[in-house]
Amino acid sequence: MVCRFSTRLLNISIASLCKTQELNKAENALIDARKLGYSPDIVTYNTLISAYCRFLGFDAAYSFFYEMSDALRQDRVTPDVVTFNSLIAGATRDRLLLVSLFLFAKMLRTGILPDIWTCNTLMNCYFKTGQPQEAIRVHQNFLLDGLSPCAATINTMINGFCENGYVSNALRMFWNYQRRGVSLPIITYNILINGLCKSGRLYEARNMLKELEKSGHKPNVITYTTVMKCCFRSGKIDQGFKIFRDMKRDGYTFDSYAYCTAISAFIKVGMKKEANDCTGQMIKSGIRLDMVSYNTIANLYCKQGKCLDAMSLISEKGSESDEYTSAILIDGLCKTGYVDKAVEQLKQMKADGQKTNSVAYNCVIDRFCKEGSLESAWKVFNEMDVKDSVTYTSLIHGLCKNQNFSLASKLILYCINDGVGVPRSANRAVLRGLRASGAKREEKDLKSKIRMARYLRRFEIKRKNSERITLPHRVKPSPGLSCNVAGNHCAGLSSIILRSLGTGSYTL
DNA sequence: CTAGGGTTAG
């Protein structure tokens, strides 16, 4: 009895240390507890594994799991379905599809029955790696094996559809449940509002918000943050700030998502005082500042011309930084006249083997263009392996500034052929230049091509918005692939693994 | 334990 109580106490302590991201302390607590003769159970280990996955990545979690295998044996603790679900979720977070599938196979082989959360996590993994068809297949196979979907299953599907551009499938699923009188949690509404906003379907997003209110839910911080962000990205700036003020008035607790959304919008529209005040509030509120919060603060510093402060903020804090951090700092350097330093940083990034950061490159190219150093801009341009709309826009404007309208015109044609859209302002600058330099025929030609491309794009958006995945036929369990787990035939499941892992290389 | 919102460039 005493022992059980101690284990629970240990688990609670470890869980709270994990929550505050004090993983070293959590692990030490486990080590100390074992020395003192307390016995951790599977919950203790699961808590640590999922915290490792979340904060340090899958590799760290898996090494921990591996290093702990002796301890697990000594404590007579065997991994359970939660252990594997957590590991699979960790692999999913790092987009390691094959690792997820491998873990799933290992789980079945160990004789642990998957549950509905295994299904949710595997589906999520397929959606996140851009394979909605396979996600649907997982779903069907799990239902076939007798598991019933839970709310998270529906949410994972709806969200996965939205993320992969099949908002219509998501909506259809939502209305199907709605019609059957299934009450869906607020998360479902938030997912749909976000999906509709991001695909530019603002009218429907608005209706979904009304639908949420009809359902009896009260919009939460996430709902408001989603809608606020949607306003900013669609240019309804005042409406966005109104939501911000309403949230404050109604006493919603701001988290770092809400703060960062508002702060970034303030910065973008040049409301310096508000940006500063809001940042001050965020810091004073005592919420834990994560990487995105630091990126946002660094961006504020840079936009105030204090990019050296931004750099020391990031380096003081030590560890975490990502491609946003580099882009923010490099842009800061460019805009305060340290282009050479920015170029140095680009080289450093490449040397460090970081994944290509086109935003950072775009910042430098744009700076060179604005300075009129077209040659330097081309040099950076040629070092990029993925060019995008912003890259071309900067160059087009740069070329126009240098009176090289025919090359600018060629770039626009190249973009049209490649399906890369550039803003109207870039098109206009080139057309104007061609006209002024007397190239009437070229101007007319370009104009009609731009018009045609615009028409085709609108058409494409319309088509895409109504696109739906057709569901595959139900897969019949095939006895040959049957994987008998504790008397349960996981036929559909094993076929998923075999299909994805290829033939022969893995035995179940 | 596992699902939803936030940060960069023209």
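Letters A, B, ... are given to chains in the order of the sequence lines, protein chains preceding strands, and every chain is numbered from 1. As a basis for the values below, the full set of heavy atoms in this structure was taken, side chains included, without hydrogen atoms, waters or symmetry mates.
Remark: A/K128 is in phosphate contact with B/dG4, judged by side-chain N or O atoms under 4.0 Å from OP1 or OP2. Within the 4.0 Å cut-off from OP1 or OP2 of B/dG5, at least one side-chain nitrogen or oxygen of A/N194 is found. For A/K387 and B/dA9, the shortest distance from a side-chain N or O to OP1 or OP2 is not below 4.0 Å. At least one side-chain nitrogen or oxygen of A/K229 sits closer than 4.0 Å to the OP1 or OP2 atom of B/dT7. The shortest distance between the side-chain N/O atoms of A/K335 and the OP1/OP2 oxygens of B/dG10 is below 4.0 Å.
Nucleic acid contact class of A/S293 (heavy atoms, under 4.0 Å, all strands): base. Note on A/I191: only backbone sugar-phosphate atoms sit closer than 4.0 angstrom, heavy atoms only; bases stay farther off. Within 4.0 Å of A/S256, counting heavy atoms only, lies at least one base atom of the nucleic acid. A/N159 comes within 4.0 angstrom of the backbone, heavy atoms only, and of no base. If you check every strand for non-hydrogen atoms under 4.0 Å, A/T92 touches nothing. If you check every strand for non-hydrogen atoms under 4.0 Å, A/V221 touches a base. Residue-level contact check: A/N120 touches neither bases nor backbone, having no heavy atom under 4.0 Å from any strand. Nucleic acid contact class of A/N357 (heavy atoms, under 4.0 Å, all strands): none. Backbone-only contact: A/R54 has heavy atoms under 4.0 Å from sugar-phosphate atoms and none from a base. At a threshold of 4.0 angstrom between heavy atoms, the contacts of A/T225 include nucleobase atoms, whether or not backbone atoms are also involved.
Mapping A/K268 and A/V292 onto DNA chain B via the closest heavy atom, the residue that lands nearer the 5' end is A/V292.
You'll find that the side chain of A/N124 is closest to B/dA3, out of B/dA9, B/dC1, B/dA3. You'll find that the side chain of A/V82 is closest to B/dC1, out of B/dC1, B/dG4, B/dT8. In the set B/dG5, B/dT2, B/dA9, B/dA9 carries the atom at the smallest distance from any side-chain atom of A/V359. Among the nucleotides B/dA9, B/dG10, B/dA3, the one closest to the side chain of A/P423 is B/dG10. Here the side chain of A/I222 is nearest to one of B/dG5, B/dG10, B/dT8, namely B/dG5.
A donor-acceptor contact under 3.5 Å links the side chain of A/D255 to the base of B/dG5. In terms of polar N and O atoms assigned as donor or acceptor, the side chain of A/S394 never comes within less than 3.5 Å of the base of B/dG10 in a complementary pairing. A donor and an acceptor atom sit less than 3.5 Å apart, one in the side chain of A/S389 and one in the base of B/dG10. With hydrogens and angles left out, the side chain of A/T261 and the base of B/dG6 share no donor-acceptor pair within 3.5 Å.
A donor and an acceptor atom, one from each side chain of A/Y252 and A/N220, are nowhere located under 3.5 Å apart. Remark: the A/E211 side chain and the A/Q178 side chain contain an N/O donor-acceptor pair separated by less than 3.5 Å. Looking at A/T296 and A/N299, their side chains never bring a donor and an acceptor atom within 3.5 Å of each other.
Figure legend: cation-pi geometry between A/K272 and A/F266 absent, as NZ or CZ is not positioned both under 6.0 Å from the six-membered ring centre and within 45° of its axis. A cation-pi geometry, defined here as NZ or CZ lying under 6.0 Å from the six-membered ring centre and within 45° of its normal, does not hold between A/K106 and A/F84.
Atoms OH (A/Y257) and P (B/dG5) sit 7 Å apart, rounded to a whole Å. The separation between A/R93 atom CZ and B/dC1 atom P is 12 Å, rounded to whole Å. The CD1 atom of A/I297 sits 13 Å away from the C1' atom of B/dG6 (whole-angstrom rounding). Rounded to an integer number of Å, the gap from CZ of A/F174 to P of B/dG4 is 18 Å. For the pair A/I396 CD1 and B/dG10 P, the computed distance is 15 Å after rounding to whole Å. When the P atom of B/dA9 is taken as reference, atom CE of A/M349 falls 15 Å away, rounded to whole Å. When rounded to the nearest whole Å, the span between OH of A/Y324 and C1' of B/dG6 equals 9 Å. At whole-Å resolution of the value, CZ in A/R367 and C1' in B/dG10 are 13 Å apart.
For the atom pair SG (A/C363) and NZ (A/K335), the distance works out to 6.0 Å, reported to the nearest 0.5 Å.
Comment: A/K210 does not engage A/E213 in a salt bridge, judged by the lack of any side-chain N to carboxylate O separation of less than 4.0 angstrom.
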